[in-house]
Structures are given as C-alpha cells and as structure tokens.
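So the structure is just underneath, and the comments pick up after that.
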Amino acid sequence: MSETIFHDVEHASPIEVFKLVAEFNADRNPDKVNLTAGAYRDENAKPWVLPVVRNIEKQMADDDTLNHEYLAIEGLKSFTDAATKLLLGAENPVIVSGRALGVQTLSGTGALRLGFQFLHKILKRTHILISQPSWGNHVLMSEDLEFTILRYRYWDQTTRAINMDGLLADLEAAPSGAIVVLHAVAHNPTGMDPTREQWAQIADVIQRRRLLPFFDTAYQGFASGDLDEDAWAVRYFVQRGFETFISQSFAKNFGLYSERVGNLVIVSNDVESVPKILSHLQRIARVLWSNPPAHGARIVAHALDNPAMLEQWKACLTTMTDRIKEMRQLLMERLMELGTPGTWGHIVAQKGMFSYTGLSAEHVDMLKAKFHIYMMRDGRISVAGLTKTNVDYVARGFDDVIRSTA
C-alpha cells in the first residue's frame with residue numbers, strides 16, 4: 001500500500017438527519033414513512049415547488065436583462081431590503097432611521113455563521129447560551145468557533161411544555177455580555193414557543209443581565225400562516241430598544257431549500273456604526289463564500305416587491321400551514337382514539353414543521369425496526385411527512401411501541 005498523509009484520519013460522527021434519510025431511501029418496504037428532514041411535503045409526501053416560485057422562475061427565464069455576474073459581497077440589495085422590511089416591518093423606526101442592516105447569506109446557516117464570527121472576532125464575545133434542546137447546528141457552529149457554550153433549560157419532558165422557571169434561572173446565571181440564541185418562532189426541535197407574556201419575562205432578564213439576543217428565524221409565515229404574527233418576538237425586542245442579531249432563512253417559507261437564500265439582520269442603536277459593521281461583515285463573508293448566489297434571492301425579492309406575487313406567496317403559506325395543522329390534529333386524534341398511554345395535546349399546541357413527541361430513543365429504534373418509520377432519536381418528527389394515507393399507520397406504530405415498553 002502506498003503511503004498516505006490520511007492514515008490517521010478517523011470517520012467523523014455521521015450527521016443523524018442525513019444518515020436517516022439515506023437509510024430511508026435504501027429501505028424497500030412499501031409502508032415506510034419519513035418523518036426526519038425538515039422539508040415540506042404535499043399530501044402525497046412529495047416535494048412541493050410553490051406555484052409563486054414557478055411563476056417567477058418563468059418570468060426570469062424570459063428576462064434578457066438578467067445575467068450571471070457576481071453579486072456584491074453583501075448580496076442583492078433589492079433582496080436584503082425587502083427581507084429586512086418583511087422581518088421588522090417596513091415602517092419600523094430602526095429601518096426608517098437607517099439603524100438596521102441586512103446582508104445576504106447562504107440561508108440561515110450562513111447568517112448564523114456570519115453573525116457568530118463577527119461577534120467572536122470583532123466584538124470579542126466568548127460565551128453563548130443555546131436552548132436545551134436546540135437545532136444541532138447551533139452547537140456545532142459554536143464549537144467550531146470555540147465559544148464557551150452554556151445551555152439554558154427549555155423543554156420539560158414531564159409536562160411536555162417549556163420549562164420557564166429553569167429557562168429564566170439559567171439566563172439569570174449567565175455572564176454579562178453573553179450571546180443568547182433565541183428561536184423567533186416554531187422552536188426547533190420542540191415546536192413549543194413562549195407566550196407573549198413569557199417573551200416579556202425573557203426580555204426582562206436579558207436586559208437586566210446585559211445579554212445579547214441573537215434570533216434564529218427560519219419559519220416566518222410558516223408557523224401560523226401570518227407573517228406579522230410570526231415576527232412578533234423579534235419586533236418586540238427591537239421595539240424595546242435591544243441591539244440584536246437575526247438570522248433569516250427562506251428555505252422553508254419559499255421552499256427554496258437548495259437555493260440557500262438567507263439574510264443576516266443587525267439592529268444597532270447608533271446609525272454611524274452601521275457602515276463600520278458592514279465593512280467587517282464584507283471581509284468575513286469574503287473568506288467564507290465571497291459572493292452569495294443570485295437565483296433564489298431574485299425570486300424572493302420579486303415576490304416581496306410585487307403585490308400580486310406577494311398575495312400569491314401568502315396563499316402558498318396558508319396551504320402549507322393549514323396542511324401541517326391538519327396533520328397535527330389527525331395524529332393527536334388517532335392516538336387518543338387508540339387510548340395510547342400518555343398525553344398528546346402538546347402535538348397541536350406546538351407550531352411549525354416539527355413536533356417533539358415525547359417518544360424515547362428506544363421507541364424510535366423500535367419504530368424503525370418494526371414499522372419502517374424514520375424519525376430523530378430525540379423523538380422529533382417532521383409533521384410535514386404525515387399524510388392522510390399514513391397517519392393511521394404512524395399512530396398505530398406509536399401506540400404499539402409505547403405499550404410494549406410500558
């Protein structure tokens with residue numbers, strides 16, 4: 001065998017969700033069900049290209065003025081302006097006064113990475129608080145940047161609700177200046193969001209402890225179907241005067257998963273600091289990806305800036321959110337009809353793509369082995385993977401494995 005510099009390279013731990021998708025794709029059982037990845041599926045469990053996206057792409061294909069030149073490092077201005085207004089509200093004083101900045105990124109992941117790196121490198125922040133549980137990339141990214149990671153309690157497995165006392169206590173104990181990652185709406189993986197009163201309590205502690213809020217918003221319009229409702233928490237913090245970072249993704253709400261359309265929004269209390277912030281973000285982005293892709297950003301910008309297309313997009317959001325709400329209701333009803341041990345009201349109380357079912361890793365393993373139902377080992381399911389055709393089968397599977405371990 002030839003010598004190699006890679007002799008000591010070990011296999012990295014697999015990324016669970018993609019490993020499960022690969023296993024599902026290789027499974028030949030006709031009854032298999034995929035409840036893993038966070039991507040919308042229609043009633044036939046197929047990907048759905050939003051009609052508004054199809055219409056805009058047809059217009060773009062016939063537009064001879066479009067080309068494939070590089071975008072500016074900070075991205076397509078019509079996109080970042082429209083996306084920032086969608087998030088904060090077009091007449092928000094921080095936009096009118098020039099204190100809000102948007103930079104195009106590679107989806108929400110890129111927005112998080114760009115913001116995290118700015119905070120670590122430029123503002124010298126060293127500690128970051130992440131909910132327990134949270135989206136896995138929050139932790140992976142923080143580890144990669146060598147932040148000191150602190151976890152704040154969020155999910156109470158017994159009550160299947162937010163552990164508000166634990167959450168507030170952990171924020172109170174955080175070091176001053178620490179970053180707090182907050183899910184703006186449709187918390188991933190639990191689907192459980194604070195009430196407005198609870199958001200006010202969270203804001204009080206963050207303000208008192210001088211923490212820095214960093215919102216991750218991947219589901220505006222996708223959680224409730226109402227764009228303004230889903231932006232409420234972010235706008236509330238901005239209205240209270242917080243300087244804040246927000247990562248914004250259009251993967252879910254436009255179905256543009258592979259186009260990597262994102263926006264990093266930063267709100268400053270000082271308008272003169274905005275161009276300085278941008279100059280550093282440009283330098284960081286230059287190293288990370290140099291220039292963002294144009295295609296998806298053009299689609300979103302066109303939809304947001306065209307009243308007819310905007311209404312068409314809102315109708316698409318209603319279609320998606322209504323179907324997911326219906327699947328939540330059906331799954332809860334089927335489990336209750338079966339008399340499945342446990343309480344199941346949390347399934348309909350949760351919002352967005354995911355439900356934190358409360359099933360254990362043992363249950364999940366049994367579901368895959370016996371029923372060919374694939375889901376994350378922490379009990380999270382993508383509700384979009386449920387259909388009227390498979391929801392009875394899934395409920396019976398849940399019932400079976402829960403009873404067998406009772």
Side-chain angles (χ1 to χ4, degrees), residues 52-53 55-57 59-115 117-118 122 215 217-218 220-221 227 231 234-235 238 243-251 253-254 256 258-268 270-310 313:
V52 67
V53 171
N55 291 337
I56 293 171
E57 285 183 318
Q59 293 178 23
M60 289 168 58
D62 292 332
D63 187 346
D64 292 335
T65 68
L66 296 180
N67 57 48
H68 297 289
E69 292 295 296
Y70 290 119
L71 295 181
I73 293 177
E74 64 271 22
L76 186 69
K77 190 173 189 304
S78 59
F79 162 71
T80 56
D81 285 352
T84 303
K85 289 176 182 177
L86 179 76
L87 178 64
L88 300 179
E91 302 303 320
N92 195 305
V94 299
I95 291 179
V96 175
S97 64
R99 294 188 290 111
L101 167 69
V103 173
Q104 187 183 338
T105 62
L106 301 190
S107 203
T109 300
L112 287 161
R113 177 68 189 217
L114 184 62
Q117 195 153 328
F118 176 88
I122 307 304
F215 281 94
T217 178
Q220 186 180 357
L227 291 162
V234 170
R235 295 177 186 179
V238 170
E243 293 186 300
T244 186
F245 286 61
I246 310 108
S247 66
Q248 194 178 10
S249 168
F250 292 91
N253 54 12
F254 267 88
L256 293 171
S258 64
E259 300 300 338
R260 313 312 292 146
V261 189
N263 189 39
L264 173 65
V265 178
I266 299 176
V267 176
S268 170
D270 173 25
V271 69
E272 293 183 3
S273 68
V274 171
K276 300 174 188 177
I277 296 168
L278 176 60
S279 70
H280 286 287
L281 294 176
Q282 289 170 322
R283 291 184 65 85
I284 296 170
R286 173 64 171 161
V287 175
L288 292 177
W289 54 72
S290 194
N291 308 81
H295 184 74
R298 286 170 175 161
I299 293 171
V300 174
H302 190 84
L304 298 183
D305 285 336
N306 182 300
M309 292 296 181
L310 179 61
W313 177 49

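Atom set for the values below is all heavy atoms of this structure, side chains included, hydrogens, waters and symmetry mates excluded. Just so it is clear, the structure is predicted and the values come from calculations on it, not from any experiment. Each residue takes its place number in the sequence, starting with 1.
- The closest side-chain heavy-atom distance from Val267 to Leu88 is below 4.5 Å.
- The heavy-atom pair separating Ala111 from Ser247 by the smallest distance is CB-CB, 3.4 Å.
- Looking at every heavy atom in both residues, Gln220 comes nearest to Asn253 through O-ND2, 2.9 Å.
- A side-chain N or O of Thr65 and one of Asp63 form a donor-acceptor pair less than 3.5 Å apart.
- Put simply, the side chain of Arg260 reaches to within 4.5 Å of the side chain of Thr109, judged on heavy atoms.
- Judged purely by atom type and a 3.5 angstrom limit, Gln282 has no side-chain atom pairing as donor or acceptor with the backbone of Ala72.
- Side-chain contact between Val261 and Ile299: absent, with no pair of heavy atoms (C-beta onward) separated by less than 4.5 Å.
- With values rounded to the nearest 0.5 angstrom, Leu278 atom CG is found 11.0 Å from Ser273 atom OG.
- With hydrogens and angles disregarded, no donor-acceptor distance shorter than 3.5 Å links the side chain of Arg99 to the backbone of Val271.
- Side-chain contact between Arg113 and Gln117: present, with at least one pair of heavy atoms (C-beta onward) separated by less than 4.5 Å.
- Shortest non-hydrogen contact noted between Leu256 and Gly296 is CD1-O, 4.0 Å.
- One finds the NZ atom of Lys276 at 7.0 Å from the CG atom of Asp270 (value rounded to the nearest 0.5 Å).
- Within the structure, every pair that satisfies the side-chain hydrogen bond (donor to acceptor under 3.5 Å, both in side chains) test and touches residues 82-92, not counting sequence neighbours, is listed here: Thr84-Asn263.
- The side-chain heavy atoms of Leu227 and Trp313, taken from C-beta on, include a pair separated by under 4.5 Å.
- Contact of the Asn291 side chain with the Ile73 side chain is registered, since non-hydrogen atoms from C-beta on lie closer than 4.5 Å.
- A heavy-atom distance below 4.5 Å is found between the side chains of Leu76 and Arg298.
- Nearest heavy-atom pair across Gln248 and Leu86 is NE2-CD2, 4.4 Å.
- Interatomic distance, NE2 of His68 versus OH of Tyr70, reported as 13.0 Å (0.5 Å rounding).
- Counting all heavy atoms, side chain and backbone alike, Gln104 lies closest to Pro292 at NE2-CB, 3.5 Å.
- Leu264 contributes atom CG, which lies 12.5 Å from atom CD of Glu74 (distance to the nearest 0.5 angstrom).
- Between Phe215 and Val238 the shortest side-chain heavy-atom distance does not fall below 4.5 Å.
- Separation of atoms CG (Leu288) and CG (Leu281) is listed at 10.5 Å; rounding is to 0.5 Å.
- For the pair Ala90 and Ile95, the tightest heavy-atom approach, listed with the atom from each and the gap, is O-CG2, 4.1 Å.
- Applying the ring pair (Phe, Tyr, Trp, His ring centres under 6.0 Å) test to Phe79 and every residue at least two apart in sequence or in another chain returns Phe250.
- Ser268 OG to Ile277 CD1: the interatomic distance, rounded to the nearest 0.5 Å, is 4.5 Å.
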